[in-house]
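Some notes on the structure that comes next.
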Amino acid sequence: MASLLPAFQSLPLPIVQLSLAAVLKCGQSFRWAILDVGEDTEYRLCLRDRVVCLRQSPTTLFYRALYPDPQPTPTQKALRDAETLVWLNDYFQLDVDLVGLYNEWSTRDPVFARMQSRFEGIRILRQDPWENLISFICSSNNNISRITKMVQALCTEYSPPLLTYEGEKYHPFPPPSVLAQPGVSATLRSLGFGYRAEFINRTAKMLADTHGRMPLPNDTFEASERWLMSLRNSRTDDAREELLKFVGVGRKVADCVLLMSLDKKEVVPVDTHVHQIAVKHYGLKDASGPSGKKATMTPKIYGDVNTKLFRVWGDYAGWAHSVLFTADLKSFASYGLPAPGSRTTSPSSTKIAPDFMPGDILPTPPLTPVSSLKRSNDPVHCSSDCQEAATLAERVKRRRRGA
DNA sequence: AAACTACCGACA
DNA sequence: GTCGGTAGTT
């Protein structure tokens with residue numbers, strides 16, 4: 001790496017605060033290119049105006065940006081490199097002390113305490129809401145491997161390459177106005193999107209029609225994208241209600257967007273997999289029938305799981321959930337069982353023997369007061385509303401049908 | 001309100 | 001047949 005060092009800037013950052021290997025392929029973002037570079041791995045993400053490149057050592061994050069022609073002058077480059085650093089801090093939410101959170105969760109939760117050391121550096125990304133929304137509309141009934149291919153295909157089809165580097169073209173994520181065009185759903189279907197093609201086209205059109213499809217002056221984002229970002233300042237329930245208006249967005253997808261791009265750190269998205277974790281490790285009642293059939297996810301079950309995990313982990317429950325979720329993916333992989341949602345080709349997935357076995361049931365720890373953490377002035381999440389929030393999804397959808 | 005079905009494609 | 005959901009219907 002030493003020979004490449006001049007091209008990279010370095011940022012001191014212990015791996016316990018951020019593990020790129022874990023975070024960038026655990027199903028949060030589906031757009032990072034992962035390259036093997038000798039002994040090392042490089043991660044690249046194409047933004048609207050630059051490609052961000054990352055590498056990591058145990059103590060340091062190395063970063064640089066590629067720019068489209070014309071290449072910036074040395075002065076301009078210095079300025080833009082500074083912007084990249086600002087972006088990194090924002091995207092990885094580096095002002096949030098992950099080690100402090102791990103300690104907090106360990107105090108509250110014996111299950112977490114027993115496995116935390118094996119899964120360090122797993123944090124929630126602060127993603128672009130528009131990209132996040134479309135990506136997770138793709139995620140229904142789907143796995144990480146295929147979602148990644150679909151998102152890649154969508155970018156290649158609908159946005160021109162920003163630049164070419166080492167023979168590889170880098171496409172940004174297309175804006176809403178582009179995906180709102182007629183005919184997009186047919187094209188996406190031909191690209192293998194299935195029934196999600198219509199969801200994406202209709203959601204893009206609805207968003208652009210309702211909140212503006214013009215590019216904002218002096219801005220790389222369109223008006224509707226800025227509107228989505230403004231939901232970061234809304235209360236969780238209000239933001240969720242807005243998201244549920246879109247086609248192809250149910251409770252789970254909405255919660256993923258709330259957690260991963262709208263700053264709603266307490267939100268725990270519940271799928272069948274998370275449900276299983278809650279049953280196996282947190283003593284949630286197993287609603288699956290005596291026939292052993294898998295229980296379908298109902299609003300009630302969703303709310304029960306949500307409430308339980310919020311009580312266990314507290315204000316950053318959504319963040320804790322991602323650690324357990326990622327850990328469980330790897331646990332399954334180590335058993336040689338199909339890892340739910342894992343890439344079919346994951347050469348770098350380390351075989352890790354979990355020190356807890358599926359089936360362990362631990363008592364729920366007593367509810368301890370939430371210690372004051374950073375960003376405590378955010379809109380407050382009302383934990384008692386978890387159950388009601390579960391049925392809210394139904395209400396919103398019903399209202400749309402009736403109207 | 002809860003339960004059922006269809007949907008696209010990959011996988012066992 | 002299963003599955004990292006959602007929409008539409010009863």
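In what follows, chains carry the letters A, B, and so on, assigned in the order in which the sequence lines appear, proteins first and then strands, with residues in each chain numbered from 1. Model, not experiment: these values are computed from the prediction.
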Compute the ring centroids of Tyr282(A) and Trp313(A), then answer whether they are less than 6.0 Å apart. yes
- Message: Could you check whether Phe30(A) and Phe136(A) have their ring centres less than 6.0 Å apart?
- Response: yes
Heavy-atom nearest nucleotide on DNA chain C for Val249(A) versus Asp271(A): which residue maps closer to 5'?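 Nearer the 5' end of the strand: Asp271(A).
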Nearest-Å distance, [atom1] ([X]) to [atom2] ([N])?
| X | N | atom1 | atom2 | value |
| --- | --- | --- | --- | --- |
| Tyr195(A) | dG9(B) | OH | C1' | 9 Å |
| Phe246(A) | dA7(C) | CZ | P | 12 Å |
| Met206(A) | dA7(C) | CE | P | 10 Å |
| Ile301(A) | dA3(B) | CD1 | C1' | 12 Å |
| Asn143(A) | dA10(B) | CG | C1' | 7 Å |
| Phe193(A) | dT6(C) | CZ | P | 17 Å |
| Met297(A) | dA3(B) | CE | C1' | 15 Å |
| Phe136(A) | dG5(C) | CZ | C1' | 13 Å |

Checklist line | dG5(C) and dA1(B), which share atom name P, separated by this distance in whole Å | finding: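 Rounded to whole Å, the distance is 25 Å.
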**Study point:** Separation of the C1' atoms in dG4(C) and dA3(B), to the nearest angstrom
**Key:**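 Nearest-Å result for dG4(C) against dA3(B) at atom C1': 22 Å.
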Salt bridge check: are Lys264(A) and Glu266(A) linked by an N-O gap of less than 4.0 Å?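 Glu266(A) and Lys264(A): not salt-bridged.
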query = Taking 4.0 angstrom as the limit, do Arg240(A) and Asp237(A) come out as a salt bridge?
reply =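 Yes, charged N to carboxylate O under 4.0 Å.
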Winner on side-chain proximity to Phe325(A), out of dC7(B), dT6(C), dG4(C), is dG4(C)
* Taking the side chain of Arg202(A) as heavy atoms from C-beta outward, which of dG9(B), dC7(B), dG8(C) is closest to it? ->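 The listed nucleotide nearest to Arg202(A)'s side chain is dG8(C).
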Side-chain N or O of Ser139(A) less than 4.0 angstrom from OP1 or OP2 on dG4(C)? no
field: Phosphate-side-chain proximity, Arg251(A) and dG5(C), N/O vs OP1/OP2 below 4.0 Å
entry: no
Is a side-chain donor-acceptor pair under 3.5 Å present for Asp97(A) with Tyr102(A)?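 No, no side-chain donor-acceptor contact under 3.5 Å.
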Checklist entry - Where the side chain of Arg123(A) meets the backbone of Gln93(A), is there a donor-acceptor pair that is under 3.5 Å apart? => result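 Looks like yes, one N/O pair under 3.5 Å.
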Query raised in the report: Just checking Val253(A): base, sugar-phosphate only, or nothing, at a heavy-atom cut-off of under 4.0 Å?
Result: sugar-phosphate
* Assign Cys256(A) to base, sugar-phosphate, or nothing according to its heavy-atom contacts below 4.0 angstrom with the strands shown. =>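 If one applies the 4.0 Å heavy-atom cut-off, Cys256(A) turns out to touch nothing in the nucleic acid.
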For dG4(C), give the paired nucleotide (Watson-Crick: N1-N3 plus N6-O4 or O6-N4; G-U: N1-O2 and O6-N3; both under 3.5 Å), or none.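 Paired with no nucleotide.
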Note to self: Need the pair for dC8(B). Rule: Watson-Crick or G-U wobble, both distances under 3.5 Å, any strand; none if unpaired.
What the structure shows: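 Pairing partner, where one exists within any strand: none, as none qualifies.
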Do Arg146(A) side-chain and dC8(B) base share a donor-acceptor contact under 3.5 Å? yes
Problem set entry | No-H, no-angle donor-acceptor pair, Arg196(A) side chain to dC8(B) base, under 3.5 Å |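 Under the 3.5 Å cut-off, the side chain and the base do form a donor-acceptor pair.
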